[in-house]
Asker: 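Got a structure for you, questions after.
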There are 2 protein chains.
Amino acid sequence: MARERKFSTDELYHATERILLKHGYEGFSFSLLAEQLDISRGAIYKYFDNREELITNYMLYEMKLFLEELKIIEEYHSFDEKFTFLLELIFKNSTVPQMIEIGRRVPINENNKVKENIGQLENLHLDMYKHLQGFIDLGRQEQKLKASIPDSLILGIIFQSIMIPNHFGISPSEWVQSIKEILCHGMLKND
Amino acid sequence: MARERKFSTDELYHATERILLKHGYEGFSFSLLAEQLDISRGAIYKYFDNREELITNYMLYEMKLFLEELKIIEEYHSFDEKFTFLLELIFKNSTVPQMIEIGRRVPINENNKVKENIGQLENLHLDMYKHLQGFIDLGRQEQKLKASIPDSLILGIIFQSIMIPNHFGISPSEWVQSIKEILCHGMLKND
DNA sequence: AATTAAAGTAACACAAGTGTCACTTTAGAA
DNA sequence: TTCTAAAGTGACACTTGTGTTACTTTAATT
């Protein structure tokens with residue numbers, strides 16, 4: 001019945017991601033996005049009422065993909081295996097923490113779809129936390145984690161670690177290996 | 001000879017910081033700044049030609065203050081003392097890494113004052129690195145730091161650590177203490 | 001008291017973004 | 001082939017921000 005689409009939703013989300021990373025939340029505009037996709041600005045309004053709606057939709061999309069992968073953590077049964085899996089997952093999805101950061105900038109919006117999206121995002125966030133909390137609980141159970149360190153810091157420092165800028169272009173495998181070493185046993189020699 | 005100023009340069013820089021933290025680089029405007037300072041937008045143009053010039057000037061101001069404090073690191077002579085000092089300094093100046101991040105967003109500008117500011121900023125950045133490199137060199141000399149971990153990661157993870165969001169409001173002293181523990185000896189028990 | 005010059009204002013022309021709407025295009029159903 | 005409805009366009013009115021300029025205000029100097 002309908003005409004062929006000039007851009008897929010996936011293409012749109014990818015362009016959205018590129019723009020958000022380059023220009024930040026406040027620098028994002030439908031004009032930029034339309035330009036990137038080589039379509040008219042008006043076409044985007046066929047699918048999204050405004051910036052907030054588009055961006056929260058994009059974040060839902062990203063978050064769902066990430067959660068899908070994160071769930072695999074349950075297939076590993078030791079703390080060590082889960083830890084290795086988690087670090088690699090986060091490095092593979094290195095934009096996720098940045099997007100979570102950008103997500104904090106989305107202003108409260110009257111639009112019901114936006115409210116609904118934000119609600120759903122919060123649920124996914126909770127879902128994510130459940131999986132991560134399970135990981136930490138196991139670490140505590142196995143007596144692997146230092147009791148004095150709060151859960152939120154353990155998760156926070158793991159997530160934050162992937163945002164450390166690798167200015168000198170250390171190879172990814174060495175980089176991740178070193179981060180893991182610091183997170184597990186610190187940067188100081190033991191003796 | 002002149003009329004009294006309605007706002008000091010310090011007030012202007014503080015307002016600039018508030019706006020940058022709240023709205024990001026792209027969300028910063030002279031209109032917002034003028035509103036915050038309760039002056040007309042035009043008044044700002046008496047001192048700065050445009051956004052880039054103002055923001056690079058503000059960053060120079062912040063960077064100089066930070067470097068002034070950082071220099072005190074030379075007064076400590078052991079690696080441990082320097083480390084403690086550095087962590088506390090960074091936590092006291094928690095906006096500095098965010099500002100460095102925002103600084104990366106400033107586009108190349110034809111304005112000569114902006115070019116000059118960016119040049120000066122790069123020099124201060126180098127200056128900062130010299131002090132930090134000295135700190136790391138000492139750690140290597142004292143055989144405190146693990147040889148396998150690259151310098152840039154050691155500095156990167158220290159700087160990044162202060163941006164970990166403390167969602168659950170852990171008390172600052174416990175928070176910093178725990179971060180120091182992880183950075184030094186990791187989150188896993190040794191045995 | 002008159003003069004000076006820095007400090008500040010308000011209005012202008014311009015640029016870029018927003019959301020809307022009447023319009024055209026086009027693939028498939030009738 | 002004709003019709004339909006989704007897809008896309010381009011123009012319109014509006015808002016917000018920019019950089020400039022002629023203007024007013026004011027505190028110190030002469």
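Just so it is clear: chains get the letters A, B, ... in the order the sequence lines come, proteins before strands, and each one is counted from 1.
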Asker: Base, sugar-phosphate, or nothing: which does B:R41 touch, judged by heavy atoms less than 4.0 Å apart?
Answerer: base
Asker: Would you say A:S31 places a side-chain N or O within less than 4.0 Å of OP1 or OP2 belonging to C:dT18?
Answerer: yes
Asker: Roughly how many Å is it from CD1 in A:I44 to P in D:dG10, rounded to a whole number?
Answerer: 14 Å
Asker: What integer distance in Å separates A:E26:CD from D:dG17:P?
Answerer: 12 Å
Asker: Please check if the side chain of B:K92 supplies one atom and the backbone of B:L87 the other of a donor-acceptor pair under 3.5 Å.
Answerer: no
Asker: Does B:S40 reach a base, just sugar-phosphate, or nothing at all? Heavy atoms under 4.0 Å.
Answerer: base
Asker: Would you kindly give the CD1-to-C1' distance between B:I19 and D:dG17, to the nearest whole Å?
Answerer: 14 Å
Asker: Are B:Q160 and A:P165 close enough that some pair of their side-chain heavy atoms sits under 4.5 Å apart?
Answerer: yes
Asker: Can you check the A:F48 CZ to D:dA7 P distance for me, whole Å?
Answerer: 12 Å
Asker: Tell me the bend of the helix from C:dA1-D:dT30 to C:dA30-D:dT1 as the angle between end helix axes, each from five pairs, rounded to the nearest 10 degrees.
Answerer: 10°
Asker: Could you tell me the separation between the OH atom of A:Y45 and the C1' atom of C:dG19, rounded to a whole number of Å?
Answerer: 5 Å
Asker: For DNA chain D, whose closest nucleotide is more 5', that of B:K46 or that of B:E52?
Answerer: B:E52
Asker: Thinking salt bridges, do A:K130 and A:D127 make one under a 4.0 Å N-O criterion?
Answerer: yes
Asker: Do A:R41 and A:Y45 form a cation-pi contact, if we require the NZ or CZ to be under 6.0 Å from the six-membered ring centre and within 45 degrees of the ring's axis?
Answerer: no
Asker: Side chain to side chain donor-acceptor pair (under 3.5 Å) with B:Y25: which of B:E52, B:E101, B:R105?
Answerer: B:E52
Asker: Think B:K6 has a side-chain N or O under 4.0 angstrom from the OP1 or OP2 of C:dT9?
Answerer: yes
Asker: Thinking salt bridges, do A:D38 and A:K6 make one under a 4.0 Å N-O criterion?
Answerer: no
Asker: Can you figure out which of C:dT25, D:dT24, D:dT9 approaches the side chain of A:R3 most closely?
Answerer: C:dT25
Asker: Are A:Y47 and D:dG8 close enough that a side-chain N or O sits under 4.0 Å from OP1 or OP2?
Answerer: yes
Asker: Output the rounded distance in Å from CD1 (A:I39) to P (D:dG10).
Answerer: 12 Å
Asker: Base, sugar-phosphate, or nothing: which does B:F7 touch, judged by heavy atoms less than 4.0 Å apart?
Answerer: sugar-phosphate
Asker: Can you check the A:D49 CG to C:dT18 P distance for me, whole Å?
Answerer: 14 Å
Asker: In whole angstroms, how far is the C1' atom of C:dG19 from the CG atom of A:L54?
Answerer: 15 Å
Asker: Just checking A:E174: does its CD atom have more than 12 heavy atoms from other residues, nucleotides or ligands closer to it than 6.0 angstrom?
Answerer: yes
